[in-house]
Amino acid sequence: MNKNLWVIVNFKSNLDINKTLDWVSVVGPKLYKREDLKIVVCPDFLSIEEVKKQMLVNNFPILVGSQDLSPFPEGSYTGEEAAKFLSPFIDLAILGHSERRKNFAETDEMVAQKVMEAKKYNIIPLVCVQGENTPIPNDCNLVAYEPIFAIGTGNPDTPSNANSVATKLKTKKDNLEVLYGGSVNFENVKDFLMQENINGVLVATGALNPSDFLKIISQVDA
Ligand code: PGA
């Protein structure tokens, strides 16, 4: 495969800091650096700094991301994590995940604000779109197509439909990379990665177990 590939892991609120660091210590030593493969792990906020330290100390070829960030700059915004403060530790931020839109009333406007904050501090915004009509904010070149019916259900979209949505999304914007997310696992990941217009995957449940995640990575080369 000669396109850039992303494998992005979203731990959501599933693993505490100890389990997160265990995951990193199992997975990290088994990976080798490849220019065309970008592996990103997105733990909870509390774990981010420690995970980043583990990557640096051990030289693991894994980037660190967050699962969200504040739509505001630093200031009086209780409970928020400002992009400025996250930026020393992360390369990417997942924004506009459907769980945030549903449970925290996140709007397209808020997602667009978050993208602007991320860009100010050189954090790559990865915007989750639930279908071909979800707006893609300006300044965003990486999206994940994540149909709600497929998230955490064991019922993924078909690779060919995911590819056709990715193809339509790419007609809306130049230089857009599109990932697929929703019930990806080591058994089906290859079918998604083989699609012409899919640039990688966003995985949660299927990657929480480090050995399952390593099986996903082994499929990238298979
Ligand atoms: P899932 O979640 O892999 O558990 O389906 C994916 C996501 O929500 O990003």
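The structure presented is a predicted model; accordingly, all values stated were derived computationally and were not measured. First listed ligand is number 1; within each ligand, the first listed atom is number 1.
Interatomic distance, CG of Leu92 versus CD of Gln67, reported as 11.5 Å (0.5 Å rounding).
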Could you list each N/O atom of ligand 1 together with any protein N/O atom closer than 3.5 Å, one pair per line with the distance?
from	atom 1	to	atom 2	distance (Å)
ligand 1	2 (O)	Lys12	NZ	3.4
ligand 1	3 (O)	Ala204	N	2.9
ligand 1	4 (O)	Thr205	N	3.0
ligand 1	4 (O)	Thr205	OG1	2.4
ligand 1	5 (O)	Gly152	N	2.7
ligand 1	5 (O)	Ser183	N	2.7
ligand 1	8 (O)	Lys12	NZ	2.8
ligand 1	8 (O)	His97	NE2	2.7
ligand 1	9 (O)	His97	NE2	3.3
ligand 1	9 (O)	Glu146	OE1	3.2
ligand 1	9 (O)	Glu146	OE2	2.6

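For the pair Val201 and Leu193, the minimum side-chain heavy-atom distance is below 4.5 Å.
Shortest non-hydrogen contact noted between Val115 and Asp139 is CG1-O, 4.0 Å.
In this structure, Phe11 and Trp23 have perpendicular ring planes: the angle between them is above 60°, well past the 30° mark.
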> Step by step, would you call Ser47 with Asp44 a side-chain hydrogen bond (donor to acceptor under 3.5 Å, both in side chains)?
Replying inline: CA-CA 6 Å; Ser47 306; Asp44 70 305; 2.5 Å; yes
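If you check the side chains of Asn103 and Glu99, you find no donor sitting under 3.5 Å from an acceptor.
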